[in-house]
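Reckoned from all heavy atoms, side chains included, excluding hydrogens, waters and symmetry mates. Since the model is a prediction, treat every value here as computed from it, not as a measurement.
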Amino acid sequence: MAVFTLLAPLAPAPVVVAPAASRARQNGTTRRHFVVKTKLVMDGKSFGLSCSLGTEDDSLNLSRFLDKLFREVLPGERNFVATLVEGRDQKKRPTEFGMNQVLQPFDSGKFNFTKVRPEEVIFRFCETDKDSAQYFCGAPDTISASSSAILINVSPIGYCHVLLTPKIQDCLPQRIDEESFLIAMYIAREARNPFFRVGYNSLGGFATINHLHFQAYYLKVPYPVEKATTEKLTTLVNGVSISQLVDYPVSGFVFEGEASLEDLSDVVAKVCIFLQENNRPFNVLISESGNRVFLLPQCYAEKQRLGKASQEFLDMRINPAIWELSGHLVLKRKKDYDEASEPNICRFLVEAALSETEFQELKRCVLDFLTVSDACNSDIDS
């Protein structure tokens with residue numbers, strides 16, 4: 001079992017959290033028409049966050065990993081969540097690559113995470129053979145080529161929104177590989193908290209930096225995608241179960257089952273690599289402490305490039321990355337925030353998603369690919 005050791009002292013996080021508060025609006029008589037709203041306003045050095053935390057003391061039940069992280073970063077609800085972040089699109093680091101290619105080479109001349117300021121590094125970690133995680137706040141500030149880092153997100157959408165950069169000094173482009181995806185799965189398990197999710201955006205799926213990174217975020221509500229109905233597609237020989245989302249605005253795959261975390265990670269990574277190599281943008285949500293993974297193909301950037309995206313949604317300047325596709329919409333204009341409703345959010349997500357015909361064809365290709373891969377693994381094992 002992989003555990004992690006922190007390698008560097010914690011840097012102070014330039015984050016200020018406002019008192020907890022929340023606004024919610026009921027649009028109709030059923031839970032389906034319920035949108036929870038939070039508000040986040042950025043001013044360059046700090047941000048204010050309104051959110052709903054509940055009354056219990058979360059710190060009493062935090063894993064050692066989250067306890068260490070929450071001390072440095074520092075709340076949420078459900079069905080769809082709408083967050084107003086005025087100025088976030090101005091504060092985000094600019095996208096410095098084309099959105100029409102999922103695989104693009106790393107360019108050291110562009111911004112990458114080796115160039116972040118020291119105060120943006122929360123801690124570094126690497127795998128260890130020891131049986132329990134150890135945290136060394138006074139360790140020398142050094143980093144090896146194989147170690148990874150947790151970084152401050154300079155354009156956060158809320159509580160504990162951070163970046164995970166596997167093997168940061170290796171300068172890998174934004175593309176999934178088996179080893180790096182397994183690191184992300186281990187981080188989700190290390191948190192041991194279902195409200196701490198790890199997400200991934202491919203190039204063309206609204207990743208903005210072409211340097212391998214995942215996002216992690218704590219939102220104390222079930223995401224709509226996590227509550228969506230699923231339909232079983234198949235179970236592989238290693239026990240990984242594959243389903244598809246049903247009655248959700250975005251078509252996608254769900255991976256889970258009785259398999260080990262390593263087997264589950266291996267299957268998801270293989271499918272991500274298959275999509276990458278076929279230039280299919282996608283987003284990934286690692287849920288339930290690494291026990292459930294959502295893989296959501298999308299086409300919104302391609303629609304934008306071809307001039308086929310609705311002007312209504314273009315005006316809203318929403319980038320449908322993993323949090324948006326999972327049901328947490330980050331809005332930039334107060335008008336959109338005030339008018340947010342489940343029907344409007346659903347219309348936007350449908351536009352970002354593959355059509356039913358496109359998804360059925362992709363599903364066939366993915367299942368064929370996994371069938372061949374499964375057969376090859378069986379031959380090797382025998």
Side-chain angles (χ1 to χ4, degrees), residues 15-54 74-92 153-161 195 197 199 201 206 208 215 217-227 248-250 283 285 298 300-301 304 309-353:
V15 173
V16 177
V17 178
S22 67
R23 291 201 308 141
R25 180 175 66 197
Q26 186 78 27
N27 298 314
T29 59
T30 66
R31 292 186 63 196
R32 181 173 177 79
H33 297 286
F34 183 55
V35 177
V36 172
K37 297 183 177 181
T38 62
K39 188 174 183 179
L40 183 65
V41 180
M42 306 185 68
D43 64 12
K45 292 185 178 179
S46 65
F47 64 88
L49 173 64
S50 296
C51 55
S52 176
L53 270 175
L74 293 192
E77 274 176 40
R78 197 241 187 232
N79 274 4
F80 284 109
V81 178
T83 298
L84 174 63
V85 189
E86 294 177 309
R88 183 173 190 259
D89 45 347
Q90 282 79 46
K91 301 301 179 183
K92 285 177 66 68
N153 191 327
V154 299
S155 54
I157 63 172
Y159 187 49
C160 199
H161 188 187
F195 300 118
R197 290 89 163 183
N201 302 316
F206 294 95
T208 56
Q215 299 184 42
Y217 179 41
Y218 183 90
L219 184 68
K220 198 185 171 191
V221 293
Y223 272 180
V225 73
E226 294 172 325
K227 299 181 70 174
Y248 188 73
V250 180
N283 308 83
L285 181 73
Q298 69 150 294
Y300 193 66
Q304 289 179 320
S310 165
Q311 190 61 47
E312 173 191 1
F313 296 127
L314 289 174
D315 291 344
M316 293 172 68
R317 307 194 308 275
I318 303 175
N319 292 333
I322 186 55
W323 310 124
E324 287 78 10
L325 297 185
S326 298
H328 185 177
L329 275 290
V330 181
L331 306 174
K332 281 85 171 182
R333 303 187 306 181
K334 189 173 187 301
K335 171 181 180 294
D336 302 322
Y337 174 73
D338 291 338
E339 296 175 359
S341 67
E342 181 159 317
N344 286 342
I345 291 173
C346 285
R347 286 195 305 112
F348 172 69
L349 294 181
V350 166
E351 176 149 329

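Side-chain N or O atoms of E339 include none that pairs as donor or acceptor with a backbone N or O of D336 at under 3.5 Å. A donor-acceptor pair under 3.5 Å is absent between the side-chain atoms of N319 and the main chain of A321, judged by distance alone. Although no hydrogens or angles enter the test, the distance criterion places no donor-acceptor pair under 3.5 Å between the side chain of Y337 and the main chain of V85. The main-chain N or O of I318 is never found under 3.5 Å from a side-chain atom of E324 such that the two would form a donor-acceptor pair.
In this structure Y300 satisfies the ring-ring contact (aromatic ring centres under 6.0 Å, His included) test together with F348, sequence neighbours excluded. For R347, the side-chain hydrogen bond (donor to acceptor under 3.5 Å, both in side chains) test picks out E312, N344, with sequence neighbours left out. Under the ring-ring contact (aromatic ring centres under 6.0 Å, His included) criterion, F195 pairs with no residue, sequence neighbours left out. In this structure N283 satisfies the side-chain hydrogen bond (donor to acceptor under 3.5 Å, both in side chains) test together with N201, Q298, sequence neighbours excluded.
Atoms SG and CZ, from C346 and F80 in turn, are 4.0 Å apart once rounded to the nearest 0.5 Å. To the nearest 0.5 Å, atom CG of residue L84 and atom NZ of residue K332 are 10.5 Å apart. The CG atom of L219 lies 4.5 Å from the OH atom of Y217; values are rounded to the nearest 0.5 Å. Here CD of E226 is found 9.5 Å from OH of Y248. Values are rounded to the nearest 0.5 Å. To the nearest 0.5 Å, atoms CD1 (I322) and CG (L285) are separated by 5.0 Å.
H328 and Y223 have perpendicular rings, their planes meeting at more than 60° on a 0 to 90° scale where under 30° would count as parallel.
Relative to the ring axis of Y218, R197 does not place its NZ or CZ within 45° and under 6.0 Å from the centre.
Taking each heavy atom of L331 and A340 in turn, the nearest pair found is CD1-CB, 4.2 Å.
Taking 4.5 Å as the limit, some side-chain heavy atom of L325 sits within range of a side-chain heavy atom of L349.
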